[in-house]
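Letters A, B, ... are given to chains in the order of the sequence lines, protein chains preceding strands, and every chain is numbered from 1.
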Amino acid sequence: MLTRTLVKDAHNAPAAADAILLQGWIRTRRDAKTFSFVELNDGSCLKGMQVIVNDSLPDYAELMRRSTTGASVSVRGKLVPSQGAGQKWEVVAEKYAVLGEADASYPLQKKGHSLEFLREIAHLRPRTNLFGAVFRVRSRMAYAIHQFFQERDFLYVHTPIITASDCEGAGEMFGVSTLDPLNLPRDAEGNIDYAQDFFGKKTSLTVSGQLEGETFACALSSIYTFGPTFRAENSHTSRHASEFWMVEPEAAFLDLEGDMQLAEDFVKHLIRDAREHCAADLEFFGKFVDKELSARLDFVLERPFQRCSYTEAIDILQAAGKKWEKNVAWGDNLQSEHERYLSEEHFKCPVTVYNYPRSLKPFYMKVNAPDAAGRETVRAMDLLVPGIGEIIGGSQREENLEVLRENMRHHNLNEQDYSWYVDLRRYGSVPHAGFGLGFERMLMFVTGVANIRDVIPFARTPGNAAF
RNA sequence: UGCCCAGUAGCUCAGCGGUAGAGCAGUUGACUGUUAAUCAAUUGGUCGUAGGUUCGAUCCCUACCUGGGCAGCCA
């Protein structure tokens with residue numbers, strides 16, 4: 001029995017072969033006088049394999065009638081040097097079968113489609129060059145994430161998807177409930193009585209595994225999570241999705257400085273890995289998606305990321321001599337236009353902004369000593385990247401029990417709701433830090449694809465959960 | 001959630017007060033070691049939905065729906 005060869009491997013064959021078996025989908029067919037060219041793609045690589053089907057094969061006319069774009073075929077034949085210029089090898093079919101036809105209603109054509117249209121046929125778009133390439137890179141990057149952390153002795157921890165904790169500051173949550181919405185139980189005050197719900201309390205889909213991740217870092221030293229995350233924000237932008245994947249390393253005995261370095265090494269590792277293992281796909285993106293891609297990725301690899309404190313960033317923005325939509329003053333959030341200016345115009349490279357005003361950040365971030373002007377900051381950091389903006393957000397966590405409690409009061413949080421989290425500071429507390437990287441945003445950066453909906457297999461955005 | 005843009009053939013778009021057009025795809029034929037093949041012919045549309053203005057609306061107005069962009073929220 002002849003085993004199947006992937007198109008990718010056939011292209012890399014060291015020598016001609018008397019018999020190989022290819023199976024895949026037809027991208028296009030071109031008929032010549034006594035034979036047809038059938039271009040077969042199986043998703044293993046960008047480039048299809050050119051198959052020559054001679055009219056001497058039995059049922060040639062009928063086979064070609066059924067060999068339309070989108071049909072699936074099984075081809076057994078000889079791998080021979082191509083007579084044409086476009087490829088090294090081609091396959092001369094000896095046995096040729098159409099497994100599944102694709103009639104005229106098949107929506108994918110040889111010529112380009114708009115990304116908006118392809119989103120409507122998300123079940124078929126991986127059959128296009130662009131999405132095949134995107135999802136090959138996505139798969140490789142997921143692998144590279146594990147490789148990076150495993151090599152550094154970070155343990156992979158599976159934090160819960162359904163959670164009763166609210167990683168405050170991360171965003172709105174999707175509720176998880178089995179209560180009948182038409183007949184909700186009420187407590188004495190008329191509020192929904194979650195005590196009668198499935199878990200006996202109010203639960204939601206996770207917005208971050210960070211708090212749970214910290215508990216494992218405070219036992220196993222260095223951990224990471226990598227999984228889906230859910231935010232019920234009504235965001236309509238090209239870089240927000242309601243369901244996305246996040247990588248969240250957390251390490252004990254790590255400070256903000258080390259956290260920033262880890263983030264930089266991590267991002268560079270992913271880019272280097274994509275360069276090495278997805279070269280053909282990246283070349284495709286460089287040609288059809290973003291002409292600057294290759295130069296930008298090289299540039300990012302070559303230089304250290306810039307670092308600048310929030311306070312310095314404010315000074316830079318105020319000295320920029322630009323008219324801002326929103327004025328910049330110490331204590332304000334950096335707006336999109338400010339972040340863009342820093343990474344795209346001022347530093348012209350990825351930049352890590354750190355030590356943000358305490359008032360802007362969640363309760364768990366470690367508080368710095370006040371500066372000369374008495375201003376309070378926390379050890380937070382955001383990695384800003386040209387073209388996308390924030391790709392990583394992280395911080396050193398507050399390990400001091402009393403300061404953490406004070407922070408919780410400051411944020412109007414009930415300590416009882418976070419008792420297990422507070423315990424980490426009560427028993428053997430250690431300095432620790434971590435960050436979250438938006439996997440899709442990283443993919444946008446690596447591929448040059450401008451919309452987050454196009455780097456997720458099936459995008460969930462407000463009002464849209466087809467498929 | 002706010003502001004903005006767009007919905008016309010299967011796809012990408014043009015038309016814009018007088019009743020609908022192109023390219024591609026499809027179909028038919030020709031030609032050819034082609035590779036987004038080429039050439040010729042041809043099929044295909046209650047112009048997003050509902051109201052309104054008008055003698056007359058795809059075109060102007062309003063609302064809604066859908067898609068997209070930007071901002072906020074963040075990753």
Side-chain angles (χ1 to χ4, degrees), chain A residues 27-41 47-54 65 68-70 81-87 90 92 102-121 128-129 167-172 207-210 228-248 263 288 325-326 332-340 360-362 380 382-385 388-394 435-445 450-456 461-464 466:
Chain A
R27 279 297 171 76
T28 167
R29 190 191 89 225
R30 299 174 291 274
D31 296 329
K33 193 158 194 87
T34 58
F35 63 94
S36 292
F37 297 103
V38 171
E39 184 161 334
L40 181 150
N41 187 290
K47 196 170 167 54
M49 179 56 76
Q50 176 159 287
V51 175
I52 311 294
V53 186
N54 285 304
R65 187 193 63 74
T68 55
T69 301
S82 178
Q83 296 175 36
Q87 56 281 316
E90 63 189 20
V92 179
D103 69 16
S105 65
Y106 185 64
L108 295 173
Q109 301 169 6
K110 295 167 206 166
K111 292 204 174 186
H113 291 288
S114 69
L115 295 173
E116 289 83 358
F117 171 68
L118 292 171
R119 278 174 213 145
E120 293 171 8
I121 49 169
T128 63
N129 284 335
C167 190
E168 182 259 347
E172 288 298 308
V207 291
S208 165
Q210 180 201 314
T229 307
F230 309 87
R231 306 252 171 114
E233 300 288 348
N234 196 6
S235 298
H236 292 97
T237 82
S238 53
R239 50 187 199 286
H240 289 87
S242 313
E243 176 181 310
F244 63 99
W245 281 57
M246 189 152 63
V247 185
E248 295 182 285
F288 295 103
E325 293 276 323
K326 255 194 101 188
D332 291 342
N333 252 319
L334 296 181
Q335 306 293 300
S336 258
E337 56 171 345
H338 305 141
E339 296 184 344
R340 265 206 310 277
L360 296 178
K361 295 293 183 181
D382 283 355
L383 176 59
L384 311 177
V385 136
I388 293 163
E390 185 179 345
I391 198 168
I392 281 179
F435 63 80
L437 170 126
F439 185 45
E440 284 77 16
R441 288 189 183 172
M442 185 66 210
L443 288 172
M444 291 166 72
F445 189 70
N451 196 308
I452 197 166
R453 299 171 183 87
D454 298 326
V455 295
I456 309 182
T461 51
N464 201 332

TODO: Using modelled atom types only, decide if a donor and an acceptor are shared between the side chain of N451(A) and the backbone of R453(A) within a distance under 3.5 Å.
DONE: yes
Open item on the list: What's Q335(A) touching, base or sugar-phosphate or nothing? Going by heavy atoms closer than 4.0 Å.
Closed with: sugar-phosphate
Open item on the list: Does A32(A) reach a base, just sugar-phosphate, or nothing at all? Heavy atoms under 4.0 Å.
Closed with: base
- [ ] Assign L108(A) to base, sugar-phosphate, or nothing according to its heavy-atom contacts below 4.0 angstrom with the strands shown.
- [x] nothing
Open item on the list: Of the options C11(B), G67(B), A71(B), whose atoms approach the side-chain atoms of R239(A) most closely?
Closed with: A71(B)
Task: E172(A) backbone acceptor or donor facing E233(A) side chain under 3.5 Å - done: yes
Task: First encountered from the 5' end of RNA chain B, between I452(A) and T461(A) - done: T461(A)
- [ ] Examine distances only and state if a side-chain atom of H240(A) and a backbone atom of T237(A) form a donor-acceptor pair shorter than 3.5 Å.
- [x] no
- [ ] State which residues pass ring pair (Phe, Tyr, Trp, His ring centres under 6.0 Å) with F37(A); sequence neighbours excluded, sorted by chain then number.
- [x] F35(A)
Task: Whole-Å P distance, C73(B) and G15(B) - done: 39 Å
Task: Under the ring pair (Phe, Tyr, Trp, His ring centres under 6.0 Å) test, residues paired with F445(A) that sit two or more places apart - done: none
- [ ] Ignoring backbone atoms, test whether S235(A) places a side-chain nitrogen or oxygen under 4.0 Å from the OP1 or OP2 oxygen of C73(B).
- [x] no
TODO: For nucleotides G52(B) and G56(B), find the distance between their P atoms and express it as a whole number of Å.
DONE: 12 Å
Open item on the list: Heavy atoms from C-beta onward define the side chain here; which of C73(B), U32(B), G68(B) lies closest to that of T237(A)?
Closed with: C73(B)
Open item on the list: Can a donor-acceptor pair be found, under 3.5 Å and without considering hydrogens, that links the side chain of T68(A) to the backbone of A102(A)?
Closed with: yes
Open item on the list: Does G68(B) have OP1 or OP2 under 4.0 Å away from a side-chain N or O of R453(A)?
Closed with: yes
TODO: Would you mind classifying the nucleic acid contact of Y106(A) as base, sugar-phosphate or nothing, using non-hydrogen atoms under 4.0 angstrom?
DONE: nothing
- [ ] Identify, between G438(A) and K47(A), the residue whose nearest nucleotide on RNA chain B lies closer to the 5' end.
- [x] K47(A)
Task: R231(A) side-chain N/O to A241(A) backbone N/O, donor-acceptor pair under 3.5 Å - done: no
- [ ] Output all residues satisfying ring pair (Phe, Tyr, Trp, His ring centres under 6.0 Å) with F288(A), sequence neighbours left out; order by chain, then residue number.
- [x] F284(A)
- [ ] Would you indicate which nucleotide in G68(B), U12(B), C24(B) comes nearest to any side-chain atom of F117(A)?
- [x] U12(B)
Open item on the list: If a pair means Watson-Crick or G-U wobble with both distances below 3.5 Å, what does RNA chain B look like in dot-bracket form, with | marking bases paired to a different strand?
Closed with: ((((((((.[[[[.)..(..]]]].(((((.......))))).....[[[[[..)....]]]]])))))))....
TODO: Flag the pair M246(A) / S208(A) as yes when at least one side-chain heavy-atom distance between them is below 4.5 Å, and no otherwise.
DONE: yes
Open item on the list: Counting only side-chain nitrogens and oxygens, does S105(A) get under 4.0 Å of the OP1 or OP2 atom of G10(B)?
Closed with: no
TODO: Select base, sugar-phosphate, or nothing to describe what N464(A) touches, counting heavy atoms under 4.0 Å on all strands.
DONE: sugar-phosphate
Task: Sugar-phosphate, base or nothing in reach of G86(A), heavy atoms under 4.0 Å - done: base
- [ ] Would you indicate, yes or no, if U27(B) has its OP1 or OP2 atom less than 4.0 angstrom from a side-chain nitrogen or oxygen of R65(A)?
- [x] no
Can you give me the N/O atom pairs linking the protein to nucleotides 36-40 of chain B at distances under 3.5 Å, or say none if there are none?
from: A37(B); atom 1: OP2; to: R30(A); atom 2: NH1; distance (Å): 3.3

- [ ] Describe the nucleic acid contact of Q83(A) in one word from base, sugar-phosphate, nothing, applying a heavy-atom distance below 4.0 Å.
- [x] base
Task: By side chain to side chain donor-acceptor pair (under 3.5 Å) - contacts of S82(A) (at least two apart) - done: Q87(A), E90(A)
Open item on the list: Using a 4.0 Å heavy-atom cut-off, does E243(A) contact any base of the nucleic acid, only the sugar-phosphate backbone, or nothing at all?
Closed with: nothing
Open item on the list: Using a 4.0 Å heavy-atom cut-off, does R340(A) contact any base of the nucleic acid, only the sugar-phosphate backbone, or nothing at all?
Closed with: sugar-phosphate
